[in-house]
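A short worksheet on the structure shown next.
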Amino acid sequence: MSVATRRFAIAGTALALAGLLAGTSGYHSGASAADGAPPAGSVRILSLGGDVTEILYALGQSDKIVAVDTTSLFPASALKDKKSVGYLRALSAEGVLSINPTLIIASEQAGPPEVVKAIKGSGVQYVDIEEKQTAEGVPDKVRRIGRIIGAEADAQKLAAKIEADFAALDNDRKQIKGRKKALFVLAVQNGRATIGGTGTGADAILQLAGIDNAATGVSGYKPVSDEQLAELAPDAVIVMSRGDGDHSAAKVALSLPGLSQSPAAKDKRLVEMDGQYLLGFGPRAPSAAHDLMNALYSEPAKAAATP
């Protein structure tokens with residue numbers, strides 16, 4: 001395996017481990033998960049989930065956050081300034097409770113289940129936040145978190161802005177003539193691509209951007225053979241950036257035997273975007289979808305900019 005391929009595989013695996021792969025699922029409420037403002041006194045929030053952290057920062061609540069998990073990649077200051085309790089899906093009850101939070105706001109993807117159960121049984125207020133990867137779901141998340149922390153007014157303003165941004169996106173989407181078909185490549189390892197099919201955040205952001213998912217016959221994130229890739233024949237390939245300015249590894253995707261003869265390879269349509277921005281489904285989701293739309297329909301030969 002070449003150095004570039006190894007780098008791309010490592011980048012994809014790291015972002016996968018960052019908890020960006022979750023599809024939509026139902027709401028699960030713990031015994032201590034009642035909505036409403038936290039108890040009076042000093043509030044110590046543990047934020048679990050990149051979207052949760054992004055929303056709390058956008059609501060001006062960063063001073064109440066005492067710790068985050070490693071999926072809290074935006075803003076960058078979150079992981080720099082706050083304590084980390086580790087990876088979202090590999091928490092330890094001891095590590096979480098050792099920071100003495102008074103309120104835990106957590107993505108429903110937090111785990112493992114037995115650890116979450118133990119934390120909920122500790123008596124600390126714990127609120128599960130549903131993964132909502134839709135134009136309606138993102139502002140709903142904002143309003144719900146606002147209710148939990150007693151910042152309803154600010155949450156309403158932010159949610160209204162997000163709804164306006166999604167409305168503008170919808171208007172632009174309606175102007176598209178001749179929709180393009182794209183393939184989201186999560187990672188390439190040992191010469192085999194893992195792609196995003198239906199029921200994934202990748203599929204959701206593609207639909208919001210007015211782009212058809214080339215992998216509609218695949219459910220979830222799955223590795224596929226070169227033969228399967230060749231059948232998909234996407235107009236564009238979308239990958240997540242490494243975040244260090246090195247874009248060479250991402251181009252490995254277009255050189256795969258199954259994609260080398262695709263319309264995407266022939267037209268060099270490779271879109272590289274920051275993973276948390278693209279799949280985080282926080283307040284920046286409308287902008288991420290807009291950038292993706294513009295990358296394919298307005299400037300097809302130019303990758304979307306990462307904010």
Next on the checklist: Run Phe281 and Thr134 through side chain to side chain contact (heavy atoms under 4.5 Å, CB included) and show every step you take.
Outcome noted: CA-CA 8 Å; Phe281 286 91; Thr134 65; over 6 Å; no
Item to check | Residues Asp69, Arg89: salt bridge by 4.0 Å N-O rule | outcome: no
Checklist entry - Within the side chain of Tyr277, is there an N or O that forms a donor-acceptor pair under 3.5 Å with the backbone of Ser287? => result yes
Next on the checklist: Looking only at side-chain N and O atoms, does Ser107 offer a donor or acceptor that is under 3.5 Å from a partner on Glu131?
Outcome noted: yes
Checklist outcome for this item: Gln156 meets the side-chain hydrogen bond (donor to acceptor under 3.5 Å, both in side chains) criterion, sequence neighbours left out, with Arg143
Checklist entry - Distance-only, no hydrogens or angles: does the Thr194 side chain make a donor-acceptor pair with backbone N or O of Val185 under 3.5 Å? => result no
Checklist entry - Which atom names give the shortest non-hydrogen contact between Phe166 and Pro139, and what distance separates them? => result CE1-CD, 4.4 Å
Next on the checklist: Ignoring hydrogens, what is the shortest heavy-atom contact between Ala193 and Leu256? Give both atom names and the distance.
Outcome noted: CB-CD1, 3.7 Å
Checklist entry - Do Val68 and Leu48 come within less than 4.5 Å of each other through their side chains, counting heavy atoms only? => result no
Checklist entry - Is the shortest heavy-atom distance from the side chain of Pro286 to the side chain of Ile162 under 4.5 Å? => result yes
Item to check | Side chains of Tyr297 and Ile211 in contact at under 4.5 Å (non-hydrogen atoms) | outcome: yes
Checklist outcome for this item: CG (Leu254) and CG (Leu270) are apart, to the nearest 0.5 Å, by 5.0 Å
Next on the checklist: Before you tell me yes or no, could you show the steps for Val116 and Lys120 under side chain to side chain contact (heavy atoms under 4.5 Å, CB included), namely the whole-Å CA-CA distance, both residues' side-chain angles and the distance that decides it to 0.1 Å?
Outcome noted: CA-CA 6 Å; Val116 171; Lys120 288 180 177 179; 3.6 Å; yes
Item to check | Ile105 side chain near Leu46 side chain, heavy-atom distance below 4.5 Å | outcome: no
Checklist outcome for this item: Between Leu169 and Ala289, the two heavy atoms sitting closest are CD2-CB, 3.6 Å
Item to check | Non-neighbouring partners of Ser262 that pass side-chain hydrogen bond (donor to acceptor under 3.5 Å, both in side chains), sequence neighbours left out | outcome: none
Checklist outcome for this item: Of all heavy-atom pairs linking Leu97 and Ser122, the shortest is CD2-OG, 3.6 Å
Checklist entry - How long is the span from the CD1 atom in Ile45 to the CD1 atom in Ile99, to the nearest 0.5 Å? => result 11.0 Å
Item to check | Heavy-atom side-chain proximity of Leu292 to Leu206 below 4.5 angstrom | outcome: yes
Checklist entry - How far apart are the C-alpha atoms of Thr102 and Val124, what are their side-chain angles, what is the distance that settles it, and do they pass the side chain to side chain contact (heavy atoms under 4.5 Å, CB included) test? => result CA-CA 6 Å; Thr102 61; Val124 177; 5.9 Å; no
Item to check | Atom pair OG1 (Thr200) and CZ (Phe184), whose distance is rounded to the nearest 0.5 Å | outcome: 7.5 Å
Checklist entry - In this structure, which one of Leu103, Val66, Leu56 forms a side chain to side chain contact (heavy atoms under 4.5 Å, CB included) with Ser47? => result Leu56
Checklist entry - Is Glu54 paired with Arg284 through a side-chain N to carboxylate O contact shorter than 4.0 Å? => result yes
Item to check | Min side-chain heavy-atom separation Met273-Asp291 under 4.5 Å | outcome: yes
Next on the checklist: So, using side chain to side chain contact (heavy atoms under 4.5 Å, CB included) as the criterion, who are the partners of Asn100 when residues are at least two apart?
Outcome noted: Arg44
Item to check | Lys/Arg N to Asp/Glu carboxylate O, Asp140 vs Arg144, below 4.0 Å | outcome: no
Checklist entry - Quick one: side-chain hydrogen bond (donor to acceptor under 3.5 Å, both in side chains) partners of Lys82, sequence neighbours excluded? => result none
Next on the checklist: I need the Thr198 OG1 to Asp203 CG distance, nearest 0.5 Å.
Outcome noted: 6.0 Å
Next on the checklist: If the test is side chain to side chain contact (heavy atoms under 4.5 Å, CB included), which one of Val237, Asn213, Leu232, Leu186 qualifies with Ile195?
Outcome noted: Leu232
Checklist entry - With a 4.5 Å limit on heavy-atom distance, are the side chains of Met293 and Asp172 in contact? => result yes
Next on the checklist: For residues 207-232, which residue pairs pass the salt bridge (Lys or Arg N to Asp or Glu O under 4.0 Å) check, not counting sequence neighbours?
Outcome noted: Arg179-Asp212
Next on the checklist: Using the side-chain hydrogen bond (donor to acceptor under 3.5 Å, both in side chains) criterion, which residues pair with Lys266? Sequence neighbours excluded.
Outcome noted: none
Next on the checklist: To check you understand the geometry: which heavy-atom pair defines the closest contact between Val85 and Ala67, and what is its length?
Outcome noted: CG1-CB, 4.2 Å
Checklist outcome for this item: d(Lys132 NZ, Lys141 NZ) to nearest 0.5 Å is 9.0 Å
Checklist entry - Roughly how far, to the nearest 0.5 Å, is CG of Asp235 from CG of Leu296? => result 8.0 Å
Item to check | Verdict with supporting geometry, Arg173 and Leu208, side chain to side chain contact (heavy atoms under 4.5 Å, CB included) | outcome: CA-CA 8 Å; Arg173 189 167 55 241; Leu208 286 171; 4.3 Å; yes
Item to check | Test item: Arg269 and Lys180 side chains (from C-beta on) under 4.5 Å apart, heavy atoms | outcome: yes
Next on the checklist: I need the minimum non-hydrogen distance between Pro112 and Ala90, along with the two atoms involved.
Outcome noted: CD-CA, 4.0 Å
Checklist entry - Would a distance-only check, ignoring hydrogens and angles, find a side-chain to backbone donor-acceptor pair under 3.5 Å from Ser77 to Lys80? => result no
Checklist entry - Is a donor on one side and an acceptor on the other found under 3.5 Å between the side chain of Thr53 and the backbone of Gly50? => result no
